[in-house]
Every structure is written in C-alpha cells, then in structure tokens.
Amino acid sequence: MDTDALLQVKDLYTWFELRRWGFARVGYVRAVDGVSFELYPGETVAVVGESGSGKSTLAKTILGLYRPTRGEIYFAGKPVHQMKAAGLKEYRAKVGYVQQDPFGALPPFMNVRRILEEPLIVHGVRDRVEREQRIHRALEDVKLVPVEDYLSKFPHQLSGGQQQRLVIARAILLEPRMIVADEPVSMLDVSVRVEILELLRKIQQEYNLGIIYITHDLSTVRHFSHRILVMYGGKVVERARARDLVRNPQHPYTQALLAALSDPRAENAHTLKPVPPGEPPSLLNPPPGCRFHPRCPVRIEGLCEREAPPEVETPQGAGHKALCWLYHERGEKKEEVAM
Amino acid sequence: MSINGFLQVQDLSLHFRTLQGIVQAVDDVSLTLGKGRTLAILGESGCGKSSLAKAILRLLPRNVQAYRGRIVLDGLDTMSLPEERFRKEVRWTKIALVPQAAQNALNPVVKISEQIAEPLLVHRRVGQKSEALERAREAARVVGIPADFLERYPFELSGGMRQRAAIAMALASRPDLVVLDEPTSALDVLTQANLMNVFKEIKRAFGTTFILITHDIATASELADDVAVMYAGQIVEQAPASEFYHAPRHPYSQKLMASVPTLREEKSPEFIPGQPPSLIDPPQGCRFADRCPARFSRCAAAPPVVELSPGHTVKCWLYEEGYHGH
Ligand SMILES: Nc1ncnc2c1ncn2[C@@H]1O[C@H](COP(=O)(O)OP(=O)(O)OP(=O)(O)O)[C@@H](O)[C@H]1O
Ligand SMILES: Nc1ncnc2c1ncn2[C@@H]1O[C@H](COP(=O)(O)OP(=O)(O)OP(=O)(O)O)[C@@H](O)[C@H]1O
Ligand SMILES: [Mg+2]
Ligand SMILES: [Mg+2]
C-alpha cells in the first residue's frame, strides 16, 4: 500500500440493483465499474466525463454515502469500505463535500449562521464561542466579508456565486484534509467560476488539502488540477498529468471530447465540429468489449468489440495511461495484419 | 451587418414591478440584425438576456411596469400591433422561441411527434392534423431526431434529444427568426457540439436568422456572425464576431473574454472582482464603472453609444470623440 497517499481507491465497483415493480431484479446499473487511483496531500485530481459516466457515484462512494459493491478505499491508511457508523462519522469530519447543485444543497429556511453551526454541533464542538470563531474563519476564508453582513442572510438572499462560496465554507468548516467537489462551479458564470476555483486553490495551499474536482468542463480542469482521470461508462479510460492529457490525449474518447470543445474564436463559425456518432453507453447493458467501440473512429475490428481493453501505458510515458487496445501489443499486431 | 437590418430593435425597455422596487431588466436596448445572420447575446446571469427574448416575443409576465420601444421585423412594426394580430401574425409564425431549459418543459404525457406538431395546430398554421404531423417529422429530421424516437415520450429520451425536440417545435412553423435562449448550457460537451452543428446546417440550408442567447462565450463563437454584450440590462457593445473575438473594445467585454478558460492557449483565466449592480435603482452613470479598471471622472454620467466602425458600437466614454486618454 502507498503510505504517502491521502486516499487510495482500489478496483472500486458501485452497482445499483434495478428492480421492476419492486421485486423482479432486472439487472445492475454499473455506475462505477473498476476504478483505481490515489490522491496525495496538496494535490487536485480532476474527474471528467459526460453526464451519467459515474462521476457523482464515485464521489459518493468515496464519501461513504454508498457502500461499494466491491473494492477498497483507504483514507490515510484506514479502510473506509469497512467502517461502521462511528468510524464513518469521524471520517466525514475529515472530508469536505461540495455537492452538485448548490441551490439544492442549502436548506432554504436556515440562515448562514445556522447552516454553518449545525455541522459543528453534530461533530461535537460544544463551546459556543469556539463555534462562532470557526464560523467566522470559514466565512473569511471564502471571502464572504464583512462576515456580519452575511450571518443572518438566507440562501435566497445570496447570489449564485455567494451560495457556492457558502457551500465551500461549510465544506472546510471542520478543517478537512480532503475535499470532494462535485461540479462546484458548473452553475456559475465564467467570471465567477474562475474566482471560486482560485479560492479553492488558495485554501488548498494553505491547508495542504487533497481535492477531487469532478466536472464535465475540460477547459477549467486544465488550469485547476494536477492530474486528470477521464471517465466513460463507469470506467477510467485515460489518466495523465493535466497538461499532458490536454496536449496529447491518447484515448479516442478523450480526443473526441477535446476536439468538441471550443475556444472563443470567430473562425469556429465556418466549420462543423467533428463529433463521434451515437450516445453514451447504457450502464445496464454495456456493449461488449470496449465501451467506446460503437462510437470509436479507430476501432480495431475483431478485437475492440469482443474484448474489454486493459489499462496500458501509452507511448507518452510518465504515467500517461489509457484503457485502449491501440496501445497494447495485441492491438498493434492486429493493425499490421489489417494493413 | 446591414444598416437597415432585417430585425431592428430601438430603445426597447422592459421593467418589472416588485416589492423591492422596479427591476430594469431591459433598459433602452437597441440592436440590428441582418437576414440570415446570427446575433449572439452574451452576458452574465441576471443581466436581462431572457427578459430581452421575452420582450421581443411579447411574452410578458403580469408584473410588467413598463414595456416600450420599437421592434421592426422585415418592415413590420411589431410593437404597434394589437395583441390579437401579434399572436396570429408574428409569434411562432415569424418569430419562434426555444425557451431556457426547454428540454425540461416538454409535456410528459404527449408523444414527441405530437409535441412538435402542437404549435402548428394551436396557432392554426395548418388545418389538418396529418399535415402538421408531416411537418413535425420533417422538422425532427432536420434537427437529427431518429424517426423511431418520434413515437416515444419525453422521459424516454436523453436531455440532448429532448432539447432537439424543443428546437424542432420552434422550427416546424418555418419562422423567419428563431430566438434560442441558452440552448446548450445544460448539455454535455459532445451533445453541445452536435447541436451547434445542427444550427449551422439549418442556417446554411434555410437561411434562418438566429438570436443566440448564452453566457457561454466560447460556444457562441460556433454560430455567431455578430455579438452583442449585455451588462445590467443594457447592451454595452455590438460588433461583428470577427472583430469582437479578436479585439473586444468595451472594458467589460475585455474582462469577460479574459475570464474564459482556454484549452489551446497558455494564458490563465482571470476573474472580474465585484458584482454587477442591482437592477433596482442601477447607477445613473456607467453601470460597469465601479468594477472598471479604466474608469475616470466622466463615467459618473451615462456613457454615449459610439460607432467605432460600421456595425461596431460601444457604450463607453473612452471612445468618445475628442477623448484620447486610452
Ligand atoms: N441511486 C441510484 N440508483 C440507481 N441508479 C443510479 C443511482 N445513482 C446514479 N445512478 C445511475 O448511475 C449512472 C451514473 O450516475 P452519476 O450520477 O454517477 O453520473 P454523473 O457522471 O455524476 O453524471 P452528471 O454529469 O449528470 O452528474 C447513471 O446512469 C445514473 O442514472
Ligand atoms: N417577472 C419578473 N419579475 C421581477 N423580476 C424579474 C422577472 N423576471 C426576471 N426578473 C429579474 O430581471 C433580471 C433579469 O432576469 P433575466 O431572466 O432576464 O436574466 P438572464 O440574463 O436571462 O439570466 P440567466 O443567465 O440566469 O438566465 C433578474 O434580476 C431577474 O431576477
Ligand atoms: Mg454528477
Ligand atoms: Mg436567462
């Protein structure tokens, strides 16, 4: 086991049983289907992928909100997947969670002070003065200042960006060692997005936090994470350092994703975007072989639709890996035969 | 952009009455748009983009305090028409709207084909239901909905397919102008790119004129011929896209462009400190002044609209003739 890692996820599966009319089992939704990675203190790992690729399920499993179907999760060396209620409570105090959709995340009838005081009470901070101090510090950290102006406000009296900052304040309140941020900025304007992501980065540097940053927005990921995992159909199909992945994507899915993304340039209007045909795979009946093969422009007939590819090191090296036959010796041989 | 645009909006205002005061959501907005072109209206959340769309389609809520100005579409002064004629001759017929979050607004118990045909029947554009359904199939094909999806219900389709259905609904009546309010913001990158391709093809094949409302400046560049930037209820810059994306001129436009994270360039995105002013009692002078790095004494007064080149206007004191401080 890697003893430096803050978080270690090993071959993790989270499947949801699907029943019809409450009893007959129809099958399993394979939302997370064999995911492994590590997160180190002070590091941001981004998880990107299309809607429904399993990102939020991965987050919730890591947080102990879902029991994994199979696999292991270690936080600071302790097995999260085996924790009972008391252990999980202690664990959650060390892990901040910025959940998807800030508007649904904040209770509408509580003011800012109560929203922040509650987790402190739940986690046993008995002293009222200490609670008040910690609330102030968290609000100052997220720049909701002067703090007095905000304490008695209700969520609907805050702008989208302020609500998002409040959600982050709540996530860092218990001085966590890790933050799981699920689409923390996707509901916000570009100019506010950058502000919030800069803020998270500052807090990270100050407290040496590990951050898991989940999003479908590749353009922010490039600027605000160290490493990127690309998810497709419940699996990590590519992983690399952020800059390497964006400059030299290796998996055909990542290549398609990046090609579809626009930079702001007037010339874009003159050409059509290359987009792979079809829709993301069903997680109930995933296609055999590689899950991307029905949409893949460079699939190897006779291999990709039959056998699921293993994760292999790409020619890029430096831990740049892809779940793709193209970079496997069997795939290379097939290509030669085909030519 | 032609001077005598296909669509001309002059001094359009839409204000709402609320308990806190009067919200100046659209305030003295002027725009021009040539036939077959696409105008992207860019701006941050709450700046009045959807209200502008509603003002153009005259879809007004009950609490309107003021609705005034002039809208001329293809020579027809639409604002002077009585409601009855506007409904019969303009809305859906000449101008159609794909509202914000349309993909979530479909009727859950109506099949996709009938849903697309509905405006045609309701607005009596065609007499026969069979003809309406035929037109619906045609529109569905144009936006890339597979034929076998037409007999399905909304919940059986992905968000991207539902959005296509909403777009087909707007296209089925073959309008001259289609207003798209955040058509792709809730969708995935690949679905988004796919839809932008659909719009490009519609534009090329049918010469449709579009107004594309969005806060996504990068995606807007996929379709825009012209760009208008909205800030706190007002248009602060309008320009041909080629000029705008290359060199925006209003300080707000410049800051906005600098905040867009790019994939292919090294520069780090920046943010704009501060917040837009309230639309209740906005500042008398320039509404961006207190966040503007270039503000100076004159900004306390309302800035003029200055024409920099044909079709490129900016509402800013920096470009006033005789002022050479910038
Ligand atoms: N509690 C659940 N029970 C059954 N299926 C679920 C459950 N939660 C998620 N799923 C399914 O698992 C798959 C992955 O969902 P998940 O929310 O993890 O995706 P995501 O990548 O976060 O998507 P998005 O970008 O839309 O948030 C989806 O098909 C979803 O419908
Ligand atoms: N019916 C109404 N009554 C009162 N205020 C309204 C009404 N409709 C909109 N507003 C207000 O007018 C302003 C502009 O709203 P609008 O929906 O036009 O913004 P927008 O630019 O479309 O924002 P977004 O990008 O979030 O969709 C906001 O402050 C909004 O709260
Ligand atoms: Mg999610
Ligand atoms: Mg809107």
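Numbered from 1 within each chain, the chains take letters A, B, ... in sequence-line order. From a predicted model like this one, the values you see are computed outputs, not experimental measurements.
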Completion exercise
Pair count under 4.5 Å, heavy atoms only, with chain A: among B:A241, B:S221, B:G46, highest is B:S221
Exercise for the section: Indicate yes or no: does B:E237 engage B:R249 in a salt bridge with an N to O separation below 4.0 Å. Expected result: no
Problem - NZ/NE/NH1/NH2 to OD/OE distance under 4.0 Å, B:E266 and A:R222 - result: yes
Practice task
Give the minimum heavy-atom separation between A:G161 and A:I196, together with the two atoms involved.
Solution key: O-CD1, 3.7 Å
Practice task
Determine, for A:R265 against A:E267, whether the closest basic-nitrogen to carboxylate-oxygen distance falls under 4.0 angstrom.
Solution key: yes
Practice task
Might you point out which heavy atoms bring A:C324 and A:H251 nearest each other, and give the distance in Å?
Solution key: CB-CD2, 3.8 Å
Problem - Selection from A:S191, A:A260, A:A256 maximising heavy-atom pairs under 4.5 Å formed with chain B - result: A:S191
Exercise for the section: For each of A:T271, A:V192, A:L218, tally heavy-atom pairs with chain B at distances under 4.5 Å, and name the one with the top tally. Expected result: A:T271
Exercise for the section: Decide whether A:Y232 and A:R295 meet the rule of one side-chain donor and one side-chain acceptor closer than 3.5 Å. Expected result: yes
Completion exercise
Honestly, the part of A:E198 sitting under 4.5 Å from a heavy atom of chain B is side chain
Completion exercise
Comparing A:P280, A:A269, A:S186, A:G49 against chain B, the one with the most heavy-atom pairs below 4.5 Å turns out to be A:A269
Problem - Segment of B:M161 engaging chain A (4.5 angstrom heavy-atom cut-off) - result: side chain
Handout entry: Contact origin within B:E270 toward chain A - heavy atom pairs under 4.5 Å
Key = backbone
Problem - Residue selection (most heavy-atom pairs with chain A, distance under 4.5 Å) from B:Q275, B:H246, B:R264 - result: B:R264
Completion exercise
Assert top hit (heavy-atom pairs under 4.5 Å, partner chain B, pool A:H216, A:R243, A:E50, A:R193) equals A:E50
Practice task
May I ask you to decide if B:Q100's main-chain N or O and B:E182's side chain share a donor-acceptor pair within less than 3.5 Å?
Solution key: no
Handout entry: Between B:S185, B:G160, B:A218, the one whose heavy-atom pairs under 4.5 Å with chain A are most numerous
Key = B:A218
Problem - Single hit among B:D181, B:T184, B:L180, B:L42 for side chain to side chain contact (heavy atoms under 4.5 Å, CB included) with B:L212 - result: B:L180
Handout entry: Passing option when A:V221 is tested against A:V47, A:L197, A:T44, A:V48 for side chain to side chain contact (heavy atoms under 4.5 Å, CB included)
Key = A:V48
Handout entry: Interchain contact, B:L263 with chain A, by part (heavy-atom threshold 4.5 Å)
Key = both
Problem - Residue selection (most heavy-atom pairs with chain A, distance under 4.5 Å) from B:S268, B:A193, B:P261 - result: B:P261
Problem - Selection from A:L261, A:V275, A:D263 maximising heavy-atom pairs under 4.5 Å formed with chain B - result: A:D263
Completion exercise
Of the listed B:V260, B:N194, B:D225, the one with the largest count of heavy-atom pairs under 4.5 Å with chain A is B:N194
